[in-house]
Structures are given as C-alpha cells and as structure tokens.
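Reading through the structure tokens given below for one structure.
Start at 1 and go down the list; that is how both ligands and their atoms are numbered.
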Amino acid sequence: MTMKAVRFTVPGAPPVVEEVAIPEPGPGQVLVRIGGAGVCHSDLHVLDHGAMHFQGPFTLGHENAGWVARLGAGVTGLKEGDPVAVFGFWGCGHCHACLQSMEAYCENWESLPNNGGGIGTDGGMAEYMLVPSPRLLIPLGSLAPREAAPLTDAALTPYHAIKRGLHLLTPDATAVVIGVGGLGHMAVQLLRVLCGARIVAVDVDDRKLEHARQLGADLVVNSRNAPEAIETITGFTGRRKAALVLDFVGIQPTLDLAVHLVGRNSQLTVVGVGGGTIPLTQWTLPFGCSVCTPLWGSRAELMEVIALAQSGRIHVDASYFSIEQGPQVLQDLREGKVVGRGVLVPDLV
Ligand code: NAD
Ligand code: ZN
Ligand code: ZN
C-alpha cells in the first residue's frame with residue numbers, strides 16, 4: 001500500500017510529491033492517520049539548508065495532528081480512532097530535559113537518528129505518519145485534527161517563548177511581536193490571553209498587520225521604513241520601551257529593530273531562524289536586557305495550548321490544501337502570500 005507525500009530530497013532542491021509506502025508500526029510505535037499538517041517557515045529552512053546533519057530524502061511536516069490508526073506491539077493507553085496531536089521534537093526520552101517533557105532541549109539530540117518527523121525522518125505531509133512512542137501523542141478531545149495541527153508548533157513555540165518572559169508583562173508594560181505570520185498571529189492572541197500588557201505588532205506586509213489588529217494588537221506598525229517604525233513604537237511605549245520583544249523573523253533588519261525597541265531590564269527573544277546576529281557588549285543592549293533563543297515548547301505546554309484552543313480562547317486562522325498542493329503552498333509561504341497558517345489535509349474534498 002502506498003500514499004502521496006511531500007518530500008525533501010537534498011538541500012536546495014524543490015519539494016516533490018511522491019508515492020511512498022505506508023509504514024507499519026513496530027513494537028512501541030504508533031501509526032497516525034494525518035488529519036492536518038501545518039506548513040511552517042522552518043520547512044523552507046529544511047528545503048534550503050537541510051535538517052542539521054540528517055540526510056534526505058524524507059517526508060516534510062513537523063506540525064501534525066490526526067487519529068491513531070494502528071498500535072505497535074506493546075502500546076497501551078490509546079485506541080484506534082483517538083484524535084491526537086503529535087509532539088514534534090522527539091528527543092531521547094530519558095535525559096533530564098526529556099523527563100521534564102522538554103524534548104526540544106534533549107541533551108542527546110546530536111546522537112539521535114533524527115530529531116522528529118519532518119526534521120530528519122518522515123513527517124506528516126502524507127496520509128499516515130509513524131510516531132516512535134505514545135509519549136509523543138497528546139489527546140485532542142473535541143478539537144478537529146486539521147484545526148489543531150498548527151497548535152503543535154505555530155502556537156506552542158510562541159506560548160513557550162512568551163511564558164519565559166511572562167514575569168515582565170505587567171499591565172503597564174508593552175510586548176512587541178515582530179513578524180505576524182504563522183507563529184506571530186498566534187503570539188498576538190496568546191499575549192492577549194496570558195497577560196494585560198499592551199501589544200505592538202510589526203510586519204512589512206499590511207495584510208498581516210490588519211490581521212494582527214483584528215486578533216487584538218493595540219498598535220500595528222509597518223517596519224519597511226525602520227527609523228519611522230522606531231519613532232512610532234517608542235512614541236507609544238515612552239522611554240521605558242518594550243518589556244519583551246519577540247522576533248519571529250530573526251534576519252538582520254528585524255534584530256536591529258528589536259535592539260532599538262527593548263527597554264532596560266527587558267527580554268529580547270529570537271524565535272525566527274533568519275541568520276541575523278546581535279552584538280552583545282555592555283553597551284550594545286540596554287542594561288538588564290536578557291536575550292534568549294527558545295526552541296519549540298514542552299509537552300506540558302502543548303497540553304496547555306490545546307486547552308486554550310478547546311475553550312475558544314485562541315484559534316488558528318488556517319487555510320486548507322491537499323497534499324498535491326504542498327509544493328505550491330510552500331512557494332506561497334516563501335513569497336509571503338500566506339496569512340495565518342496553511343495546512344495540508346490528505347483527504348481534502
Ligand atoms: P511566516 O512566513 O508564516 O511568518 C513570517 C512573518 O514575518 C510574515 O508575516 C512576514 O510578512 C514577516 N516578515 C518577513 N520579513 C519581515 C521583516 N523584514 N520585518 C518584519 N516582518 C517580516 O513564518 P512562521 O512559520 O511564522 O515562522 C517564523 C520563523 O520562526 C521562521 O524563521 C521559522 O523557521 C521560525 N520558527 C522557529 C521555531 C523555534 O522553535 N525557534 C519554531 C517554528 C518556527
Ligand atoms: Zn515549525
Ligand atoms: Zn533527551
């Protein structure tokens with residue numbers, strides 16, 4: 001039996017749709033029937049540069065949810081048909097970080113055969129996906145898998161990033177979100193739910209900014225003209241500047257902007273994998289400003305994000321496409337045409 005899958009081959013090559021074998025779950029493994037696979041900007045980084053030292057070809061898609069299809073020998077606690085989210089970074093399962101449900105910070109990641117589906121081995125842009133352990137499956141309850149898939153990354157990653165700076169986000173503080181695409185449009189909603197701070201959304205695309213305004217941003221600023229953007233935002237924050245700046249782009253212009261926007265005793269959080277750098281000296285950043293580069297989030301946090309979505313406090317603005325449309329959606333994302341999240345749905349009718 002075969003299925004269609006969107007595949008990465010070698011760095012620099014375009015993604016291809018191919019027929020691949022439907023895998024069999026071995027002992028301890030679970031086969032998941034995919035309900036939705038989110039298309040993340042990190043897929044473009046994989047296509048362009050590869051997934052660290054892991055070789056292709058493999059099926060893309062690290063933002064997945066679906067239904068339990070088959071249980072490997074010895075798996076208990078799940079049954080066929082259960083709707084589940086797939087936790088994306090698999091980890092070794094037994095180091096200190098993994099035991100804390102923080103597989104993204106696994107101490108043994110370099111010696112693992114892969115870092116997860118879509119990042120070193122077959123992911124979810126296909127009809128089925130093999131998951132190595134039931135530990136990585138989070139029950140979805142009433143949420144539809146296609147709506148829930150982006151929660152595993154587009155919502156979990158900003159949730160984890162915001163929580164690390166939450167102590168700074170008092171009601172009189174300001175948070176700045178740079179890049180309000182897949183992750184950023186969730187960050188705006190999560191900030192609304194998690195704190196009383198004022199929210200500034202920054203992007204170079206007015207459609208994304210209008211979207212952010214609808215989702216609860218207090219101020220939206222187009223940063224194509226950086227000096228003007230800095231003046232507008234610092235006019236809004238006053239001399240205190242921002243308590244938390246979240247950069248979901250990470251290229252040199254956005255990091256330069258972020259450095260101008262953070263205040264003293266603040267946090268500058270770089271989530272975007274854009275290759276920019278921040279000069280770190282006593283004088284290049286405000287005193288007391290910490291910089292962090294969080295990776296994804298924990299399984300416990302994914303459960304919290306799912307609870308927020310189940311109760312309607314956050315939602316993914318998704319557009320749905322077939323597996324065959326995968327390469328086109330990736331190209332649209334590259335060209336900045338996707339508002340919210342594009343999600344591939346194998347049985348889209
Ligand atoms: P996306 O393409 O959906 O959104 C990016 C947004 O940034 C778009 O709205 C775009 O208009 C905007 N943008 C582009 N250039 C800009 C500029 N110069 N100034 C301001 N805004 C600009 O991407 P996404 O899926 O949300 O991913 C965002 C980044 O986060 C990517 O680099 C991705 O690889 C990374 N990522 C990191 C983690 C992590 O754990 N650290 C997890 C997931 C994604
Ligand atoms: Zn991602
Ligand atoms: Zn580990």
The protein heavy atom nearest to atom 32 (O) of ligand 1 is Val273 N, 2.9 Å
Can you tell me how far the CD1 atom of Ile230 sits from the NZ atom of Lys241, to the nearest 0.5 Å?
-> 8.0 Å
Charged N-O contact under 4.0 Å between Asp43 and Arg334 | no
Is it possible for you to check whether Arg146 lies under 6.0 Å from the centre of the six-membered ring of Tyr320, through NZ or CZ, and within 45° of that ring's axis?
-> yes
Quick one: are the ring centres of His62 and Trp296 less than 6.0 Å apart?
-> yes
Which protein non-hydrogen atom lies closest to atom 4 (O) of ligand 1, naming both residue and atom, and how far is it?
-> Gly181 CA, 3.4 Å
Looking only at heavy atoms of Pro294, does any of them come nearer than 4.0 Å to an atom of ligand 1?
-> yes
Non-neighbouring partners of Glu19 that pass side-chain hydrogen bond (donor to acceptor under 3.5 Å, both in side chains), sequence neighbours left out = Thr2, Lys4
When rounded to the nearest 0.5 angstrom, what is the spacing between OH in Tyr159 and CE in Met186?
-> 12.0 Å
Measure the distance from atom 40 (O) of ligand 1 to every protein heavy atom, then report the residue, atom name and distance (to 0.1 Å) of the closest one.
-> Trp296 N, 2.7 Å
Working to the nearest 0.5 Å, report the span between CD1 of Ile233 and OG of Ser223.
-> 7.5 Å
Listing, residues 165-180 side-chain donor-acceptor contacts under 3.5 Å, not counting sequence neighbours, or none:
residue	atom	partner	partner atom	Å
Thr170	OG1	Asp172	OD1	2.5
Asp172	OD2	Arg240	NH1	3.4

Charged N-O contact under 4.0 Å between Arg192 and Asp218 = yes
Starting from atom 28 (C) of ligand 1, which protein heavy atom do you reach first, and at what distance in Å?
-> Phe248 O, 3.1 Å
Arg341 heavy atoms within 4.0 Å reach ligand 1 at atoms 24 (P), 25 (O)
CG-CD distance between Leu344 and Glu324, expressed to the nearest 0.5 angstrom = 10.0 Å
Between the candidates Asp153, Leu333, Ile251, which shows the shortest non-hydrogen contact distance to atom 18 (N) of ligand 1?
-> Ile251
Tell me, which protein residue and heavy-atom name are nearest atom 44 (C) of ligand 1, and how many Å apart are they?
-> Ser42 OG, 3.3 Å
Counting both backbone and side chain atoms, is some N or O of Leu183 under 3.5 Å from an N or O of ligand 1?
-> yes
Total protein N/O/S atoms whose distance from the Zn ion (ligand 2) is less than 2.8 Å = 3
If the plane angle is over 60° it's perpendicular, under 30° parallel, otherwise tilted; pick one for His41 and His45.
-> tilted
Looking only at protein heavy atoms, identify the closest one to atom 30 (O) of ligand 1 and say how far it is in Å.
-> Gly272 CA, 3.5 Å
Answer yes if the side chains of Thr234 and Thr237 hold a donor-acceptor pair under 3.5 Å, and no otherwise.
-> no
Of the listed options Asp205, Leu257, Asp203, closest to atom 11 (O) of ligand 1 (non-hydrogen atoms) | Asp203
Arg198 to Phe236 six-membered ring, cation-pi geometry met (6.0 Å, 45°) = yes
Does Thr157 approach ligand 1 within less than 4.0 angstrom via side chain, backbone, both or neither, non-hydrogen atoms only?
-> side chain
How many angstroms lie between CD1 in Ile278 and CG in Leu255, if you round to the nearest 0.5 Å?
-> 4.5 Å
Which residue supplies the protein heavy atom nearest to atom 19 (N) of ligand 1, what is that atom called, and how far is it?
-> Thr254 CG2, 3.3 Å
Salt-bridge present (Glu210, Arg207; N to O < 4.0 Å) | no
Do His315 and Asp317 have side-chain N/O donor and acceptor atoms under 3.5 Å apart?
-> yes
Numbered in order shown, the ligand 1 atoms found under 4.0 Å of a heavy atom of Ser223 are 19 (N), 20 (C)
Mind checking whether His41 contacts ligand 1 via backbone (N, CA, C, O), side chain (CB onward), both or neither, at a 4.0 Å heavy-atom cut-off?
-> both
Against heavy atoms of Lys208, which atoms of ligand 1 measure under 4.0 Å?
-> 8 (C), 9 (O), 10 (C), 11 (O)
May I ask whether Gly336 places a heavy atom under 4.0 Å from ligand 1?
-> no
Starting from the C-alpha separation in whole Å, work towards a yes-or-no answer on side chain to side chain donor-acceptor pair (under 3.5 Å) for Asn222 and Asp203.
-> CA-CA 5 Å; Asn222 191 314; Asp203 206 293; over 6 Å; no
Between the side chain of Ser322 and the main-chain N/O of Leu348, is any donor-acceptor distance below 3.5 Å?
-> no
Return the residue, atom name and 0.1 Å-rounded distance of the protein heavy atom closest to atom 35 (C) of ligand 1.
-> Val271 O, 3.7 Å
Ignoring angles and geometry beyond distance, decide whether Gly182 reaches within less than 3.5 Å of ligand 1 through its nitrogen or oxygen atoms.
-> yes
Can you tell me if Thr254 uses its side chain to pair, donor with acceptor, with the backbone of Gly250 under 3.5 Å?
-> yes
Under 4.0 Å between heavy atoms, the region of Pro253 that gets near ligand 1 turns out to be neither
Which protein N, O or S atoms lie under 2.8 Å from the Zn ion (ligand 3)?
-> Cys92 SG, Cys95 SG, Cys98 SG, Cys106 SG
